[in-house]
2 protein chains.
Amino acid sequence: MKPLRRTVDLRQANTQVILRHLCFNGSMSRMEISLQTQLSAGMVTNVTSELLQSGVLIEKGLEESSGGRPRTIVDINPRHGYLIGVDLGETQVALELFDLKMNKLCTTLEPVAQEEDMLAQYICILQRGCQNLMMQAGLSPEKILGVGIGVPGIVEHNGQVSVAAPMWNWRSEPVLELVEQAVGLPVYIDNGAKAMTLAESWFGAGRGVQDMAVILIGTGIGAGIITKGALYRGATNSAGEWGHTKIVLHGRQCRCGGQGCLEAYVGAPGILASQREAGGHPQDDQFVAVGQLVDAYQRGDPTAERVMQDLTQVLGIGIANLVNLFNPERIEIGGWAGLLIGGALLDDLTACVKQNALPLSTKELSISLCQLGEDAICTGAACLVLEEFLSANLKFNRGIY
Amino acid sequence: MKPLRRTVDLRQANTQVILRHLCFNGSMSRMEISLQTQLSAGMVTNVTSELLQSGVLIEKGLEESSGGRPRTIVDINPRHGYLIGVDLGETQVALELFDLKMNKLCTTLEPVAQEEDMLAQYICILQRGCQNLMMQAGLSPEKILGVGIGVPGIVEHNGQVSVAAPMWNWRSEPVLELVEQAVGLPVYIDNGAKAMTLAESWFGAGRGVQDMAVILIGTGIGAGIITKGALYRGATNSAGEWGHTKIVLHGRQCRCGGQGCLEAYVGAPGILASQREAGGHPQDDQFVAVGQLVDAYQRGDPTAERVMQDLTQVLGIGIANLVNLFNPERIEIGGWAGLLIGGALLDDLTACVKQNALPLSTKELSISLCQLGEDAICTGAACLVLEEFLSANLKFNRGIY
DNA sequence: AAATATAATTTAATACTTAAAATAAGTCTT
DNA sequence: AAGACTTATTTTAAGTATTAAATTATATTT
């Protein structure tokens with residue numbers, strides 16, 4: 001948020017306060033808004049009237065009263081605008097349409113082929129997918145506030161927005177510009193883990209937590225970090241690249257070219273490699289194989305036990321390092337592999353973290369699993385748009401400021 | 001900074017903008033303030049008149065003019081208030097007195113004895129030291145805005161402020177309260193590395209850098225992290241505990257009880273241990289021994305070369321991990337051992353970091369040595385007080401807000 | 001139907017910012 | 001040396017914001 005220097009900025013700030021409060025805490029009466037935000041009643045009346053008039057808010061009936069005028073409930077108007085969230089995956093692209101209250105309205109899933117020019121294919125898919133969603137919901141493009149995209153690469157914010165993704169040989173592609181031209185809607189792009197972290201922080205298990213980290217374990221490993229209630233991006237938006245931090249000096253070779261990266265041990269391929277080293281014979285399909293490993297562990301299979309214990313150790317140290325550096329108040333574990341592993345050994349993992357991190361940093365720390373399901377990345381991507389709407393709102397709904 | 005909701009908050013915010021601008025950019029004319037802060041000329045007049053009247057600012061003569069009324073230069077009044085900064089060390093306590101422009105006025109050094117009750121001794125030293133400084137400068141206690149203390153332990157902000165320092169067997173001592181009572185002045189305490197980071201960010205090599213990390217290598221290892229131009233503290237003020245992040249699985253035993261901590265390899269005792277492992281015979285005195293090692297390395301001694309190369313590797317990976325997670329735009333290396341090592345192999349170290357961190361995070365990264373000298377911790381500790389003065393200023397200099 | 005209670009809006013007072021006008025304080029020209 | 005000119009700073013008038021208090025609205029209770 002920009003520094004406030006003029007009186008008109010104040011109104012804008014207070015409008016944001018009210019809008020965000022409603023967005024994160026649900027509908028409520030003006031009276032409650034006033035009490036919870038510490039804005040005066042008159043203030044709330046003024047701001048809400050403006051927002052009611054511009055259609056961002058609606059009145060939603062009365063509260064029960066036990067004597068006295070009943071409180072009128074105001075809420076965000078879900079139909080004031082719509083958001084598209086995209087999970088740009090390696091094998092498929094999921095697109096979801098949300099209303100302004102983040103209700104999921106419809107979905108479309110587009111398969112990805114192995115082609116020469118992946119970028120062209122993805123742009124084509126996005127164009128088709130957005131059209132599809134608008135058709136399904138019967139919405140015209142003007143009603144769409146923007147398209148948020150979560151990608152499995154590194155998104156650089158450096159003048160323009162560019163994406164680097166090794167598996168597609170993207171070094172620094174100006175994806176945002178290209179997609180925006182093709183789709184004809186405002187586009188926001190960020191790393192999938194960051195998008196998911198935002199979703200988890202706003203609408204998942206991390207509601208109201210000021211400092212937390214979300215850890216995403218799948219084929220690759222990602223992390224998103226929330227500080228002071230907001231996504232932490234660092235200088236060029238590549239903060240939180242936890243997967244390739246090294247925890248074993250001269251350790252296992254990682255696909256990134258480095259040695260001893262966390263990902264080489266904790267990512268699904270790494271876990272299966274450990275299993276093979278321990279004499280196990282995992283299936284080819286990563287998802288099935290990790291599931292079987294966790295099953296075997298829970299049945300008490302000695303090989304699986306050894307593999308899982310080593311995994312706990314490495315992952316626990318990795319998390320402890322994160323905790324020592326960021327001192328979050330909560331860690332959330334997600335991703336398909338993360339949920340499988342975390343479900344099986346959350347207690348052991350917590351113990352290992354507490355053993356390896358500073359006592360003062362772990363005293364108030366809680367470790368839990370992510371709440372949002374399969375479409376967390378889509379939700380998070382839509383949150384990128386929502387964030388923009390919440391901050392820039394006044395530019396769209398009021399005069400010249 | 002608190003959210004601004006009232007019109008009076010605006011004036012407070014704008015006062016801070018001007019005060020900070022003068023503090024970090026030096027004296028300048030009202031005109032320049034107006035241009036650089038984007039506040040209107042009238043605004044600057046109003047705020048500066050208030051600050052002139054309350055004695056926080058002074059007028060300091062005229063600028064050269066080539067036609068037209070010359071600009072009057074305003075500046076922070078160095079004699080409006082004074083700050084005491086303390087470096088609470090294991091062998092000695094250094095106290096320094098600064099004026100409001102951070103000019104060092106006088107110093108006192110108090111030796112520390114090995115006693116039963118260290119806490120009582122330190123409080124006694126602080127009391128005596130502050131008295132001493134005020135005597136030397138001929139100042140009454142009312143003129144002292146506060147005492148900032150940098151301690152070599154972990155300072156918890158959790159309701160009250162408490163300090164944990166293993167070497168003195170302090171688990172969670174209410175040091176702030178005790179010192180405040182004894183000294184009779186407002187006291188601010190933080191970890192020494194954090195204090196130093198603040199100083200380096202405000203008045204050292206990190207001026208104007210929004211995201212950076214300062215690394216302190218001595219007997220122990222510390223780090224301080226600046227994000228968005230401010231010290232990053234995490235949930236309970238124990239963020240940045242980099243020294244005990246693990247980079248070698250099942251590695252060398254660390255004095256913290258863990259295994260493979262960075263400190264066990266990069267802290268002075270760790271470096272000397274590596275030297276012994278390589279067949280070297282370092283002196284007993286850490287400071288002398290590390291100096292000799294660096295000398296030997298620069299003379300081309302093969303053993304020293306091996307030790308230093310391994311050290312570069314470990315330190316480089318540790319920094320790379322930090323870079324991957326925080327994505328700073330600058331890393332500064334300080335501490336007595338850090339300056340020795342960094343001076344000798346900054347280039348190798350930089351190369352190692354670039355090799356082990358993500359290309360996107362290192363593209364704009366620069367690694368350099370700290371600028372502030374011996375008394376960086378004292379300066380930083382005084383900055384803790386200055387920070388408070390700059391933010392709370394209005395509470396002291398204006399009415400009831 | 002009147003009394004009472006609470007919510008929401010309006011009003012009157014006050015504070016802050018700014019653009020423009022006025023004033024201050026120099027240099028330059030003649 | 002006086003007046004013209006230039007630029008800095010202050011003052012002023014207008015506009016916008018917030019808030020406490022008064023008012024109005026809308027329910028329940030008696």
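Fair warning: this is a prediction, and the values are worked out from it, not measured in the lab. To find a chain, count down the sequence lines: A is the first, B the second, and so on, and within it residues start at 1.
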[X] has an atom [atom1]; how far is it from atom [atom2] of [N], in whole Å?
X       : N      : atom1 : atom2 : result
A:Glu50 : D:dA17 : CD    : C1'   : 11 Å
A:Glu64 : D:dT28 : CD    : P     : 8 Å
B:Glu59 : C:dA24 : CD    : P     : 15 Å
B:Asp9  : D:dT16 : CG    : P     : 21 Å
A:Leu35 : C:dA8  : CG    : C1'   : 13 Å
A:Leu10 : C:dA15 : CG    : C1'   : 11 Å
A:Ile18 : D:dT18 : CD1   : C1'   : 12 Å
B:Arg30 : C:dA25 : CZ    : P     : 12 Å

Report yes if a side-chain nitrogen or oxygen of [X] is closer than 4.0 Å to either non-bridging phosphate oxygen (OP1 or OP2) of [N]; otherwise report no.
X       : N      : result
B:Asn14 : C:dT17 : yes
B:Arg71 : C:dA25 : no
B:Thr45 : D:dT10 : yes
A:Arg11 : D:dT18 : yes
B:Ser29 : D:dA8  : no
A:Ser49 : C:dT9  : no

Proximity to the side chain of [X] - top-ranked nucleotide from [options]:
X       : options                : value
A:Thr7  : C:dA8, D:dG15, D:dA8   : D:dG15
B:Arg69 : C:dA24, D:dA17, D:dT26 : C:dA24
A:Met43 : C:dC16, D:dT18, C:dT18 : D:dT18
A:Pro70 : C:dT9, D:dA27, C:dA25  : D:dA27

Pair [X] + [Y]: basic N to acidic O under 4.0 Å:
X       : Y        : result
A:Asp75 : A:Lys101 : yes
B:Arg30 : B:Glu59  : yes
B:Glu64 : B:Arg71  : no

Show your working on side-chain contact (heavy atoms from CB on, under 4.5 Å) between B:Met212 and B:Glu329 and close with a plain yes or no.
CA-CA 6 Å; B:Met212 64 180 260; B:Glu329 91 191 68; 5.8 Å; no
Comparing A:Ser40 and B:Met31 on DNA chain D - which has the more 5′ nearest nucleotide
B:Met31
Would you name the heavy atoms of B:Ala235 and A:Pro328 that are closest together and state the gap between them?
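Between these two residues, the closest heavy atoms are CB-C, 4.2 Å.
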Let me know, please, whether B:Leu62 or A:Glu32 comes out on the 5' side of the other along DNA chain C by nearest nucleotide.
A:Glu32
